[in-house]
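First the structure, in the form of structure tokens, and then the observations on it.
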Amino acid sequence: MTHDSTLQDGDFLFENESDAGSQPDKRVVWRVLLVDDDPDVHHTTVFAVGQRHLVGRPIEFLHAYSAAHAREMLLTEKDLAIVLLDVVMESDTAGLDLVAYIRQIANLSNTRIVLRTGQPGYAPELDTILKHDINDYKTKSELSQLKLLTLLTTTLRSYQQLCAIDANKQGLSLIVRASGSFMQMQGLGDFAVGVITQLAALLGTHPQGVVCAQTQRQSNSYSVLAAAGRYAAHINEPLESLSNPAIRQRLIEAFDNCNSSFGSHDLVLYFGQKSGLDMAVYIDVGHVPGPVETELLNVFCANLSACLHNQSLIEQLRSTAFVDELLQLPNRSHFIAEIDARQTAQVRQWSMALVDIDDYSSINELMGHHYGDELLKALAIRLQTSVGPDIMLARVSGNAFGLLGPDQHINPESIILATSTPLMVENRPHKITATSSFVAIGEDLHSGADHLKNATVALKQAKRLRRGSYVVYTADIESEARNRAVLLAELHIAFDRQHLCLEYQPQIDLGSGRLIGLEALMRWRREDGQMVSPDRFIPVAEQSGLIVAMGEWALNQACALMKQLMDNGMAPERIAVNVSVEQFKSPGFFDAVMSALERADLDGSRLELEITESVAMLGSEHVKAQLSRLREHRIAIAIDDFGTGYSSLSYLEQLPLDRMKIDKAFVRQLGQPGSPRIAEMIVKLGRTLGLKVLAEGIEDRSAWDALQAMGCQEGQGYFISRPLESAKVRPWIQAYFASQEVPPRAYS
Ligand code: C2E
Ligand code: CA
Ligand code: CA
């Protein structure tokens, strides 16, 4: 071996060997293990290489003077690029044995092996070279300084490539794994933390950096979503708060130019989306990323952009799944999940409430959907103000809100307070009433969905009993609801099997005794012969919508009877049929009335429809129009149970009505001394409005007399006749006419 340290071309050659693009890294060296029992060889090799950089780095030699010594070092030393190995040491095969050891025991597959021997005769067999992946075999005399340096250079290159392939493989698998974990992350914050961790793993450094993202889509403000290492304090702060101006600037540039940039010891990666959230990472790497790392980082960024896109889709989905779009409040699912969480935490003295705006659908119909939306917003603000900011307010259905919190905040008073003064909707005051229900949380094992169901059951009861009131859920309510469900099922069957029938109650002129009408009243006799009161089954039918079909049936029946009576020359002026709100609101109502008249060949003037105040309270132009249309066909309209509802008189005045019916409750009061004379007021009111007034529930002579005295012209009641089965109507009329002193006026 020649020791020519003045080889200028060699220096030149190797100085150009540094990797294109990247500067030599002073801190990183190539580690070469020299194994030779001749100390001289160690010296000359070290001397030949000198301070040169090969493939961008200086060489650090490690020295072993025997195969045994080498074995120890092979197990402990890291990152050995090359083993320069003497073939003959302790024994003739010591070197070759060591080759097997390097590959099989020390498990170093990337480390390159170069064999050197004093004599050509000790050359290993070709298959040994192949089997153990030996890079080169040289006789020591061949190795001039130039040749040694060339040999080391090419060998280092192949080591570097092997490592790159390895890193690539590991990096890619890291990226694949990272994508998997990104997809499982809950929210952008987690995602951002993941980015730093995964990047650090990929670059083999400690996590040290920040992730910034837009605080809002298409906005110009950015904040720190995640931060690690010495930047940790900046989490959740605006980008501007980063103390290092250079880092701040680099991140801003990344956002402005939508690209990544690599510094001498750090990098900024940009992974934004055209239409979505922008995100950029600044990370301290501590070294310049080599070509492999750069390649991997590109893959990582592309992959991350895709993940980020998915992530923001997931966020969007999650938010649509849990947030009410219109009010930006938690929605039903969120509310249920929240109750579940309270149940799990076994909270004590917590409640939930449902608050339902009365007649919301008619407000929507009357004032338009935009108005309806604004009203919801106004009420949401009212409710939250009334119960306090710590109480969860959710929108659980179209017009119902859910409240969840400690008992002292969830109570009827705070809800009444919220609706006691008119809301401001589109700059106008709008008074609403709301019905609510309350359920205690945490005292049983019910799920959130069960609680909400119970609250709904209680709410329905409250609505049924009295709108604008509230009901606290109890187990009784639940059993009551169950009974109603059973009753409804039975009613369906009874209706299908035509087990329903009508009875007719005469209505007369109190002065002349003239028969003016018959009111059709529905009856249900069970198969066991028991009667079910209409006060029980009508509300159930109303609630389920079955009333629409039942009402239509009643109209047909009543009109047919009326026709029969006319044919027999014993018809009263008209027949009155009750109409429920649900029926009145149903789209086919008008046509159903017309077809009943047509089928019976009856003129509209022989029919009266009894609507309740709740129909009047629907309060829309639609009601007025519908009533006018009916009256155009000469159908009379009576307002039933007057005085029990809450209709506004001014509104009532505008409705095209013919008759007012005084509820029997007020007629009953007539006999009681000192009770309010509501009947009298109603009579006066009717007269003022130009309406006829009919009193129902006349049970004795005194009521009759009292009513007549106050100017009430018409009445019905047990004192006149109980409701009559249809077969008994004709005999009753015959007998009635006969009993009248004045010969009855027959209508035909
Ligand atoms: P309503 O329309 O107020 O009917 C009058 C109720 O008073 C009837 O009760 C009738 O039998 C009862 N009544 C009549 N005279 C007297 C009396 O002197 N004393 C007392 N205590 N009660 C008297 P009914 O038949 O039990 O019907 C109850 C309610 O069911 C009706 O009240 C009405 O709201 C509803 N209903 C009955 N039939 C129908 C129908 O075909 N369609 C609809 N939608 N509702 C109906
Ligand atoms: Ca009635
Ligand atoms: Ca009535």
Side-chain angles (χ1 to χ4, degrees), residues 464 487 491 494-495 500-508 510 517-525 530-562 574-586 589 592-593 596 607-616 636-645 657-671 679 682 693-704 706-707 714-726 728 732:
R464 214 166 46 232
L487 192 71
L491 179 59
F495 182 53
L500 299 186
C501 64
L502 291 180
E503 286 189 353
Y504 299 88
Q505 187 173 38
Q507 300 174 325
I508 61 162
L510 295 177
L518 290 170
E519 181 183 1
L521 294 161
M522 220 178 273
R523 295 291 174 260
W524 171 16
R525 189 187 294 277
Q530 262 200 335
M531 299 299 292
V532 184
S533 160
D535 288 328
R536 275 199 74 206
F537 72 82
I538 296 282
V540 170
E542 283 175 334
Q543 219 186 325
S544 72
L546 183 59
I547 195 68
V548 175
M550 281 167 56
E552 208 175 309
W553 167 84
L555 266 170
N556 281 311
Q557 291 285 111
C559 288
L561 180 92
M562 186 63 185
R574 51 181 178 72
I575 192 141
V577 180
N578 290 286
V579 173
S580 288
V581 187
E582 292 310 314
Q583 197 187 345
F584 188 85
K585 282 200 295 194
S586 71
F589 176 64
V593 175
L607 177 66
E608 180 167 273
L609 298 178
E610 293 192 3
I611 60 169
T612 53
E613 273 182 284
S614 45
V615 170
I637 309 293
I639 190 141
D640 205 355
D641 303 342
F642 188 80
T644 57
L657 300 173
D658 296 277
R659 185 174 269 110
M660 261 179 170
K661 292 186 76 177
I662 307 175
D663 190 73
K664 55 182 176 285
F666 305 127
V667 173
R668 196 173 301 132
Q669 282 178 352
L670 290 174
I682 295 173
V693 181
L694 186 147
E696 58 182 25
I698 301 178
E699 295 188 351
D700 49 43
R701 185 79 228 179
S702 67
W704 180 319
L707 285 160
E714 305 172 338
Q716 70 185 85
Y718 295 168
F719 185 66
I720 297 149
S721 167
R722 289 196 168 247
L724 305 160
E725 287 172 33
S726 62
K728 296 202 173 131
W732 185 89

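Just so you know, residue 1 is the first one in the sequence shown, and it goes up from there. Every number for a ligand or one of its atoms is a count from 1 in the order of the listing. Note that the coordinates shown come from a computational prediction; the quantities given were computed from them, not determined experimentally.
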I'd like to check which ligand 1 atoms, numbered from 1 as shown, lie under 4.0 Å from a non-hydrogen atom of [X].
X	answer
Pro723	11 (O)
Arg523	11 (O), 24 (P), 25 (O)
Glu699	17 (C), 18 (O), 19 (N), 20 (C), 21 (N)
Gln505	14 (C), 15 (N)
Glu696	3 (O)
Glu519	2 (O), 4 (O)
Gly697	16 (C), 17 (C), 18 (O)

Report yes if some heavy atom in the side chain of [X] is under 4.5 Å from a heavy atom in the side chain of [Y]; otherwise report no.
X	Y	answer
Glu519	Tyr504	no
Glu610	Ile639	no
Phe537	Ile547	no
Lys664	Ile698	no
Leu694	Met660	no

Sub-3.5 Å N/O-N/O distance, [X] and ligand 1:
X	answer
Met522	yes
Asp641	yes
Gln583	no
Ser533	no

Asp640 near the Ca ion (ligand 2): N/O/S under 3.0 Å: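 Yes, Asp640 qualifies, because one of its backbone or side-chain N, O or S atoms lies under 3.0 Å.
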Heteroatom N/O/S of Glu696 within less than 3.0 Å of the Ca ion (ligand 2):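 Looking at Glu696, which is the residue asked about, there is no N, O or S atom under 3.0 Å from the Ca ion (ligand 2).
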Partner of Cys501 by side chain to side chain contact (heavy atoms under 4.5 Å, CB included), out of Gln557, Met522, Glu725, Arg523: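 Of the listed residues Gln557, Met522, Glu725, Arg523, the side chain to side chain contact (heavy atoms under 4.5 Å, CB included) partner of Cys501 is Arg523.
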Determine whether any heavy atom of [X] lies closer than 4.0 Å to an atom of ligand 1.
X	value
Gln716	no
Gly551	no
Lys661	no

Side chain to side chain donor-acceptor pair (under 3.5 Å) assessment of Gln505 paired with Gln716: CA-CA 7 Å; Gln505 187 173 38; Gln716 70 185 85; 2.6 Å; yes
Pairing residues for Arg659 by the salt bridge (charged side-chain N to carboxylate O under 4.0 Å, His left out) criterion, not counting sequence neighbours: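 Only Glu608, Glu714 meet the salt bridge (charged side-chain N to carboxylate O under 4.0 Å, His left out) criterion with Arg659.
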Closest non-hydrogen atom pair, Leu670 against Ala706: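 Smallest heavy-atom distance, with atoms named: CD1-CB, 4.3 Å.
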Which atom of Val548 lies closest to which atom of Glu582, heavy atoms considered: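 Closest approach of Val548 to Glu582, heavy atoms only: CG2-O, 4.1 Å.
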Minimum-distance N/O/S atom that Glu519 presents toward the Ca ion (ligand 2):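 Atom name of the closest N, O or S in Glu519: OE2.
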Which atom of Glu610 approaches the Ca ion (ligand 2) most closely (N/O/S):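 For Glu610, the N/O/S atom sitting closest to the Ca ion (ligand 2) is OE1.
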Ile698 and ligand 1 - part of the residue with a heavy-atom distance under 4.0 Å: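 Only the backbone of Ile698 comes within reach of ligand 1.
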Which segment of Ile538 sits under 4.0 Å of ligand 1 when only heavy atoms are counted: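 It is the side chain that touches ligand 1; the backbone stays farther off.
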Aromatic ring pairing Phe719/Trp704, orientation class (parallel under 30°, perpendicular over 60°, tilted between):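 Ring orientation, 0 to 90° scale: perpendicular.
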Partner residues of Arg525 under the side-chain contact (heavy atoms from CB on, under 4.5 Å) criterion, sequence neighbours left out: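 For Arg525, the residues satisfying side-chain contact (heavy atoms from CB on, under 4.5 Å) (neighbours in sequence not counted) are Met531.
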